[in-house]
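Here the structure is a predicted model, which means the values were calculated and not measured. Proteins get letters first, then strands, A, B, ... in listed order; numbering begins at 1 in each.
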2 protein chains.
Amino acid sequence: MSALTLISETKMFNGRQARYRHFSRSTQCDMTFAVYLPPQALQGYRVPVLYWLSGLTCTDENFSQKAGAQRFAAQWGIALVMPDTSPRSDDVADAEGYDLGQGAGFYVNATETPWAAHYRMYDYIVEELPALIEAEFPVTGQRSIFGHSMGGHGALQIALKKPERYAAVSAFAPIVNPSATPWGQKAFAAYLGSDRSAWARYDSTELVQTATRTLPILIDQGDADSFYPAELQPETFVRAARARGFNVQFNMRPGYDHSYFFIASFIETHIEFHAQALGL
Amino acid sequence: MSALTLISETKMFNGRQARYRHFSRSTQCDMTFAVYLPPQALQGYRVPVLYWLSGLTCTDENFSQKAGAQRFAAQWGIALVMPDTSPRSDDVADAEGYDLGQGAGFYVNATETPWAAHYRMYDYIVEELPALIEAEFPVTGQRSIFGHSMGGHGALQIALKKPERYAAVSAFAPIVNPSATPWGQKAFAAYLGSDRSAWARYDSTELVQTATRTLPILIDQGDADSFYPAELQPETFVRAARARGFNVQFNMRPGYDHSYFFIASFIETHIEFHAQALGL
């Protein structure tokens with residue numbers, strides 16, 4: 001029996017867009033995710049998986065509905081997996097404000113009360129979800145990862161720690177140095193406590209400085225983004241990554257903001273970047 | 001001074017996605033619409049306008065966010081205009097249910113109490129909005145029109161009555177014979193009263209039978225659409241239109257439903273159809 005409960009499914013670009021619910025060992029609650037299987041996967045071929053990590057306030061639905069990514073996933077023969085941004089339920093701790101608690105898991109394993117019971121998004125994204133996807137869907141073991149804002153932070157810090165698991169990493173307007181920027185500092189203090197060495201293990205700009213294996217990195221940033229530069233600081237990370245030998249493509253996009261309209265405008269180039277890294 | 005109040009604007013595909021509010025003479029209340037200007041329009045060229053009419057429950061935002069249309073509007077150099085689906089405010093009549101009242105204007109001029117005061121979406125879409133768009137934005141007088149479900153009904157009945165004003169008309173899963181199907185019957189009885197001759201003036205399958213001028217028509221319909229065939233009945237219209245000499249391209253799409261995932265899957269071919277009709 002499958003561990004997955006199907007919530008909905010829809011044909012899209014000759015592939016299949018679906019939502020599932022399942023009980024997560026990592027977060028100790030039901031989690032919802034979306035998956036897009038391209039037509040190639042429905043025709044019996046195993047395809048690689050591109051994981052998308054969303055930003056603050058998002059669920060699995062924002063990217064599914066607004067990015068226009070499925071068109072290019074279908075074209076390249078890549079499955080998309082779009083998890084939620086935190087554990088959610090009445091029993092899961094929450095906070096006032098959009099930047100902490102439900103919808104704001106920051107892709108870490110929380111160690112502090114009251115968060116530690118459920119906020120283990122790092123384990124969920126890195127271990128549990130890929131194992132589930134690879135057991136339940138017609139996919140290969142090839143993975144790549146990308147995200148937006150808080151999800152760009154998630155994608156980068158995960159790929160930097162597990163470069164052997166991902167072909168490449170890309171991000172739209174990522175938080176790259178959360179230990180030094182307000183959203184990150186608030187969330188890390190709550191989830192990880194006051195010990196800054198715990199923060200560093202989830203901070204891409206810190207992690208990249210001790211990285212021993214590289215992978216290709218693509219970052220797009222709009223210069224009309226209302227959170228740029230204060231929350232995002234991409235140049236700090238790009239400099240540090242290039243100094244460690246990473247091949248970083250960094251695109252400043254004049255006039256673009258932080259929204260899904262920005263993401264939609266450049267999604268094609270991101271999926272093509274991952275397709276190339278995946279050898280497609 | 002412009003009659004328009006800018007609500008928001010965002011760069012997208014090198015063009016400009018914006019929302020505006022204005023007081024409408026037709027509906028006697030503030031109306032909101034979205035417009036996408038392609039890069040060509042921002043570079044000083046006047047471009048044709050493709051009007052999108054949304055379905056039940058939608059505002060100007062659904063198509064703006066979910067269809068992926070701006071990619072192709074940018075490519076072809078077409079402006080998109082996306083109006084709301086009804087008058088809205090606390091002072092505007094409403095009803096229980098999603099299929100009557102606010103969000104469900106059906107693109108008619110209501111004659112019945114309490115609807116007649118504000119529900120004049122036909123005049124708004126056919127006369128007032130195009131005049132406003134052509135006065136305020138860098139566009140030509142060339143127009144084309146398309147829509148989804150209730151908005152497909154709107155686009156078809158408008159284009160059939162005013163074929164000289166539109167290069168072409170297309171629709172996703174349109175209501176084509178509202179006098180004979182449940183959503184349409186409920187709305188027409190409320191807005192137009194019991195006189196069936198009033199209904200016929202907004203019923204595409206009736207209108208096409210007396211049409212004296214044709215224009216190109218494209219219709220896509222998913223066969224897994226939960227409202228097909230009961231509410232939609234596209235074949236009825238297609239037969240009647242072809243009998244009158246209309247060039248109708250009708251695509252049954254196996255496995256597709258009524259959602260924006262369906263629309264996104266075929267939006268490129270619809271915009272290309274309008275581009276061709278507009279001589280681009």
Side-chain angles (χ1 to χ4, degrees), chain A residues 7-19 34-39 42-43 58 60-75 80 82 172-173 220-226 228 251-269 271, chain B residues 7-19 34-39 42-43 58 60-75 80 82 172-173 220-226 228 251-269 271:
Chain A
I7 300 170
S8 66
E9 58 180 330
T10 307
K11 191 170 178 180
M12 190 179 192
F13 293 106
N14 260 340
R16 179 171 170 277
Q17 175 77 30
R19 300 182 75 198
V35 60
Y36 177 71
L37 292 178
L42 304 186
Q43 289 154 11
C58 289
D60 63 293
E61 295 198 290
N62 303 66
F63 184 80
S64 296
Q65 295 178 350
K66 296 182 176 180
Q70 294 94 341
R71 173 182 300 276
F72 305 105
Q75 176 184 307
L80 299 171
M82 297 147 282
F172 296 88
D220 275 72
Q221 173 66 55
D223 78 358
D225 182 333
S226 56
Y228 172 82
N251 302 314
M252 280 301 295
R253 300 297 191 178
Y256 285 90
D257 68 12
H258 200 70
S259 72
Y260 268 88
F261 292 131
F262 161 59
I263 295 171
S265 298
F266 299 104
I267 193 71
E268 180 176 15
T269 60
I271 292 181
Chain B
I7 300 170
S8 66
E9 58 180 330
T10 306
K11 191 169 179 181
M12 190 179 192
F13 293 106
N14 260 341
R16 180 170 169 275
Q17 174 76 30
R19 302 183 74 199
V35 60
Y36 177 71
L37 293 178
L42 305 186
Q43 289 154 11
C58 289
D60 63 293
E61 295 198 289
N62 303 67
F63 184 81
S64 296
Q65 295 178 351
K66 296 182 177 180
Q70 295 93 341
R71 174 182 298 277
F72 305 105
Q75 177 184 306
L80 299 171
M82 296 148 281
F172 296 88
D220 276 72
Q221 174 65 54
D223 78 358
D225 183 333
S226 56
Y228 172 81
N251 301 315
M252 279 300 295
R253 301 296 190 180
Y256 285 90
D257 69 10
H258 200 70
S259 71
Y260 268 89
F261 292 131
F262 161 59
I263 295 172
S265 297
F266 299 104
I267 193 72
E268 180 176 14
T269 61
I271 293 182

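Residues Arg71(A) and Glu268(B) form a side-chain contact, since some pair of their non-hydrogen atoms from C-beta on lies under 4.5 Å apart.
Gln65(A) touches chain B through backbone and side chain together, each having a heavy atom under 4.5 Å away. Of the atoms belonging to Gln70(A), it is side-chain heavy atoms, and not backbone ones, that fall under 4.5 Å from chain B.
Ranked by heavy-atom pairs under 4.5 Å with chain B, the list Lys66(A), Lys11(A), Gln17(A) is led by Lys11(A).
At a heavy-atom separation below 4.5 angstrom, chain A is approached by Pro254(B), Gly255(B), Tyr256(B), Asp257(B), Ser259(B), Phe261(B) within residues 254-261 of chain B.
Considering every non-hydrogen atom in both Phe13(A) and Ala264(B), the closest pair reads CZ-O, 3.2 Å.
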